[in-house]
*Asks:* 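Structure below; questions to follow.
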Amino acid sequence: MGELFRETEIPNQKRSPNSPPFPSVLSPNPALFPPSLTTFTSAIESQKPYLESLLHKTGAILFRGFPLDNASHFNSVVESFGFADQPYNGGAAPRTHVVGHVYTANESLPHENISFHHELAYSPEFPTKLFFFCEVEPVSGGETPIVLSHVVYDRMKEKHPEFVERLEEEGLVYNRVMGEEDDPSSAIGRGWKSTFGTVDKMVAGQRAAKLGMKLEWIKDGSSAKIIMGPIPAIKYDKPRDRKVWFNGMVAAYTISRDDNGQSDELTKAVAFGNGDPLPSDIVYDCLQIMEEESVAIPWQKGDVLLIDNCVVLHARKIFTPPRRVLAALCK
């Protein structure tokens with residue numbers, strides 16, 4: 001396991017008889033405390049097989065108690081893992097580049113919940129690893145709840161077998177309307193210019209097509225509707241031999257209904273693969289299952305949370321600012 005790391009327990013972990021604690025929590029070995037940033041990153045590099053094995057086993061690792069103060073420190077940690085960058089192409093969340101691999105997490109308003117989703121689940125180019133870092137602790141709230149996707153699948157399959165069967169057959173279609181510029185007041189407020197990294201509508205359409213997305217320009221000429229799908233909502237996790245609930249259905253559905261606009265486009269934000277509307281009661285039942293099975297660990301300054309995006313969904317709770325959580329997306 002390495003000299004620096006020791007597996008620890010905290011009250012908020014999820015525990016079950018036949019599974020390891022979720023998430024895993026690693027803290028510094030007291031014999032070497034306080035370690036330096038260099039010691040931490042060197043240990044990551046030398047112990048990467050152990051860390052990847054632990055991530056495979058549990059789906060998420062919280063690093064707590066290490067000497068990280070700012071975005072540059074966080075970037076050094078991300079780089080020490082050696083994962084390739086995953087561009088945020090086609091993503092809906094308003095984000096700002098900070099340094100190196102590091103971006104702000106979703107910049108939407110503190111009173112807005114962001115429900116459970118896999119990052120870029122609607123895109124063929126999704127990250128396999130997510131890093132989050134707490135630079136500034138929230139006054140209250142602001143946790144990043146996480147939940148194991150296969151647990152959600154198993155419970156939904158048991159409770160709503162016909163709905164899950166239809167999802168497996170048809171997948172989901174996502175629809176989103178984008179303005180020219182980012183709207184940080186919305187969790188899905190990223191404008192088409194930053195989404196596709198261009199001010200040229202033709203180039204935006206070409207880049208959308210490369211991601212399997214269709215772009216339609218709205219009458220006013222400045223806004224666009226993006227259509228994604230049908231996209232599989234359930235995936236097979238071959239390394240662990242199980243199915244996972246790999247989609248952003250609940251997040252897209254609930255965010256659209258929390259929006260003040262309540263337009264027809266918003267109420268069609270996510271639908272069955274053939275365009276039929278989703279049954280509201282089942283979507284909210286899925287949300288309830290996710291909340292029951294999730295873990296929400298209060299952030300502490302310096303925390304780093306590494307998530308396997310293929311098998312773990314994440315969310316964000318409302319909070320009292322200030323709060324600054326940064327993110328990095330990797331392949």
Side-chain angles (χ1 to χ4, degrees), residues 85-95 103 106 108 114-128 163 166-184 186-235 245-259 261-280 283 309-310 313 329 331:
D85 258 346
Q86 171 65 57
Y88 193 55
N89 294 332
R95 284 181 164 154
Y103 289 77
N106 196 303
S108 60
I114 302 171
S115 196
F116 293 94
H117 61 286
H118 286 276
E119 199 68 31
L120 292 174
Y122 45 78
S123 171
E125 297 181 6
F126 56 86
T128 60
F163 175 79
R166 186 171 179 185
L167 282 187
E168 294 193 68
E169 291 176 354
E170 296 184 17
L172 292 167
V173 173
Y174 300 86
N175 298 283
R176 179 161 57 94
V177 175
M178 301 178 290
E180 283 187 311
E181 308 299 334
D182 291 355
D183 175 12
S186 171
I188 53 172
R190 200 171 186 218
W192 64 264
K193 289 181 179 178
S194 60
T195 296
F196 299 109
T198 182
V199 298
D200 188 312
K201 293 181 180 179
M202 184 175 294
V203 173
Q206 292 169 347
R207 292 180 178 175
K210 287 182 179 179
L211 293 171
M213 303 173 179
K214 183 179 179 182
L215 210 57
E216 297 179 352
W217 298 102
I218 297 175
K219 293 179 181 179
D220 65 6
S222 62
S223 300
K225 178 181 178 181
I226 184 170
I227 304 168
M228 299 161 280
I231 298 167
I234 310 297
K235 291 195 174 184
W245 189 265
F246 191 87
N247 59 70
M249 178 191 78
V250 168
Y253 195 94
T254 56
I255 287 173
S256 70
R257 279 144 188 80
D258 287 341
D259 191 285
Q262 287 295 310
S263 69
D264 288 341
E265 297 298 342
L266 286 171
T267 57
K268 298 175 183 176
V270 60
F272 282 116
N274 70 349
D276 287 349
L278 300 173
S280 182
V283 175
N309 186 49
C310 298
L313 301 115
L329 282 60
K331 297 178 181 177

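All figures in this text were calculated on a predicted structure; none of them were measured in a lab.
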*Asks:* Kindly write out the residues that satisfy side chain to side chain donor-acceptor pair (under 3.5 Å) with Ser108, not counting sequence neighbours, or none if the list is empty.
*Replies:*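 Ser108 satisfies side chain to side chain donor-acceptor pair (under 3.5 Å) with Asn106, Arg316 only.
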
*Asks:* Would you indicate whether the side-chain heavy atoms of Met249 and Val283 approach each other to under 4.5 Å?
*Replies:*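 The answer is yes; the side chains approach within 4.5 Å.
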
*Asks:* Apply side chain to side chain contact (heavy atoms under 4.5 Å, CB included) to residues Tyr174 and Ile226 and explain how you reach the verdict.
*Replies:* CA-CA 8 Å; Tyr174 300 86; Ile226 184 170; over 6 Å; no

*Asks:* Is the closest side-chain heavy-atom distance between Ser123 and Met213 below 4.5 Å?
*Replies:*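 SC-SC contact between Ser123 and Met213 confirmed.
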
*Asks:* Would you say that Glu170 contacts Asp276 through its side chain, given a criterion of any heavy-atom pair below 4.5 Å between the two side chains?
*Replies:*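 No, every pair of side-chain atoms sits at 4.5 Å or beyond.
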
*Asks:* Do Ile231 and Leu172 come close enough that some side-chain heavy atom pair is under 4.5 Å?
*Replies:*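 Heavy-atom side-chain distance check fails, nothing below 4.5 Å.
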
*Asks:* Return the CG to NE2 distance between Asn309 and His117, rounded to the nearest 0.5 Å.
*Replies:*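 Nearest 0.5 Å value for the CG-NE2 distance: 8.0 Å.
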
*Asks:* Which pair of non-hydrogen atoms, one from Tyr253 and one from Ser280, has the smallest distance, and what is that distance?
*Replies:*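 Taking Tyr253 first and Ser280 second, the nearest heavy atoms are OH-CB, 3.1 Å.
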
*Asks:* Write down the atom of Phe163, the atom of Pro279, and the distance for their closest heavy-atom approach.
*Replies:*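 Here Phe163 and Pro279 meet closest at CE1-CD, 3.8 Å.
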
*Asks:* For residues Glu125 and Gln86, determine if any side-chain heavy atom of one lies less than 4.5 Å from a side-chain heavy atom of the other.
*Replies:*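 A side-chain contact exists here, since the closest heavy-atom pair is under 4.5 Å.
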
*Asks:* What closest approach, in Å, do Phe126 and Cys310 show between heavy atoms, and which atom pair accounts for it?
*Replies:*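 Where Phe126 meets Cys310 most closely, the heavy atoms are CE1-SG, 4.1 Å.
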
*Asks:* Just how far is it from atom NZ of Lys193 to atom OG of Ser222, taken to the nearest 0.5 Å?
*Replies:*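 Result: 9.0 Å between the selected atoms.
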
*Asks:* To check you understand the geometry: which heavy-atom pair defines the closest contact between Ile234 and Glu168, and what is its length?
*Replies:*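 Looking at all heavy atoms of both residues, the closest pair is CG1-CG, 3.5 Å.
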
*Asks:* Is there a donor-acceptor pair under 3.5 Å between the side chain of Asp182 and the backbone N or O of Gly191?
*Replies:*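 Yes: the side chain of Asp182 pairs with the backbone of Gly191.
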
*Asks:* Do you know which two heavy atoms are closest between Trp217 and Ala204, and how far apart they sit?
*Replies:*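 So the minimum-distance heavy-atom pair works out to CZ2-CB, 4.4 Å.
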
*Asks:* Using 0.5 Å steps for rounding, measure from the CG atom of Asp183 to the CD1 atom of Ile188.
*Replies:*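 Here the rounded value is 10.0 Å.
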
*Asks:* Just how far is it from atom CG of Leu313 to atom CH2 of Trp245, taken to the nearest 0.5 Å?
*Replies:*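 That separation rounds to 9.5 Å.
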
*Asks:* Considering only residues two or more places apart or on different chains, which pairs with a residue in residues 195-216 satisfy ring pair (Phe, Tyr, Trp, His ring centres under 6.0 Å)?
*Replies:*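 Not a single pair qualifies under ring pair (Phe, Tyr, Trp, His ring centres under 6.0 Å).
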
*Asks:* How many angstroms lie between atom CG of Leu215 and atom NZ of Lys201, to the nearest 0.5 angstrom?
*Replies:*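 Result: 10.0 Å between the selected atoms.
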
*Asks:* Would you mind reporting whether Phe272 and Leu167 have side-chain heavy atoms less than 4.5 Å apart?
*Replies:*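 Yes - at least one pair of side-chain heavy atoms lies under 4.5 Å apart.
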
*Asks:* With heavy-atom distances below 4.5 Å as the criterion, would you say the side chains of Leu120 and Pro127 are in contact?
*Replies:*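 In short, these two side chains touch, coming nearer than 4.5 Å.
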
*Asks:* Just how far is it from atom CG of Asp200 to atom CD of Gln206, taken to the nearest 0.5 Å?
*Replies:*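 Answer for the CG-CD pair, Asp200 versus Gln206, is 7.5 Å.
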
*Asks:* Would you name the heavy atoms of Ser223 and Gly179 that are closest together and state the gap between them?
*Replies:*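 Residues Ser223 and Gly179, closest heavy atoms: OG-CA, 3.9 Å.
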
